[in-house]
Amino acid sequence: MIANWVGYSLTSIILIMHLFAWWLPYFFGFPLAVKADYEKYFSRTYKILPPIKDHIIPDVEHIGVGVLLLTTLLIQSWYMF
């Protein structure tokens, strides 16, 4: 039972980190220093979401990671509660 809680906690932490790294900057913007790194590393990736002002856009890989994390957390929640 402890292992279930450890897995649930880790999945929750990783999902929160993903939200702070990709989705909050997409909706609310991010500092310019981060925008420069984003352009350097993610300028050639596929993006399917529409741009919002000059905010960073999550690429297809990170959208998929977010969906997988959310699905995993929902299944873990259903199993545990």
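Everything quoted here is computed from the prediction, not taken from an experiment.
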**Prompt:** So do V60 and T45 actually touch side chain to side chain, heavy atoms under 4.5 Å?
**Reply:** no

**Item:** side chain to side chain contact (heavy atoms under 4.5 Å, CB included), paired with Y8, selected from T72, L73, I13
**Value:** L73

**Request:** Indicate the atoms forming the closest heavy-atom contact of L19 with P25, along with that distance.
**Result:** O-CD, 4.1 Å

**Message:** With a 4.5 Å cut-off on side-chain heavy-atom distances among I, L, V, M, F, W and Y, is there a chain of contacts connecting I52 to Y46?
**Reply:** yes

**Asked** If every non-hydrogen atom of H55 is compared with every non-hydrogen atom of F28, which pair is closest and at what distance?
**Response** CE1-C, 3.6 Å

**Prompt:** Cluster partners of V6, using ILVMFWY side-chain heavy atoms under 4.5 angstrom, listed by chain and number?
**Reply:** I2, L10

**Request:** Give the cluster check for L74 versus L15: same hydrophobic cluster or not, with ILVMFWY residues linked at side-chain heavy-atom distances below 4.5 Å.
**Result:** yes

**Request:** Enter the distance from I57:CD1 to Y26:OH here, rounded to the nearest 0.5 Å.
**Result:** 6.5 Å

**Asked** Is it true that L69 and M80 fall in one hydrophobic cluster, defined by side-chain heavy atoms closer than 4.5 Å?
**Response** yes

**Prompt:** Does the gap between the ring centers of W5 and F81 come in under 6.0 Å?
**Reply:** yes

**Item:** hydrophobic_cluster_shared for I75 and L68, side chain cutoff 4.5 Å
**Value:** no

**Item:** Pairwise distance CH2(W22) to OH(Y38) - rounded to 0.5 angstrom
**Value:** 5.5 Å

**Request:** Provide the closest heavy-atom pair for K35 versus I56 in the form atom of the first, atom of the second, distance.
**Result:** CD-CG2, 4.0 Å

**Message:** Looking at every non-hydrogen atom in both residues, tell me the closest pair between H62 and F42 and how far apart they are.
**Reply:** CE1-CE2, 3.6 Å

**Request:** Answer yes if F30 and Y41 sit in the same cluster of Ile, Leu, Val, Met, Phe, Trp and Tyr residues linked by side chain heavy atoms under 4.5 Å apart, and no otherwise.
**Result:** no

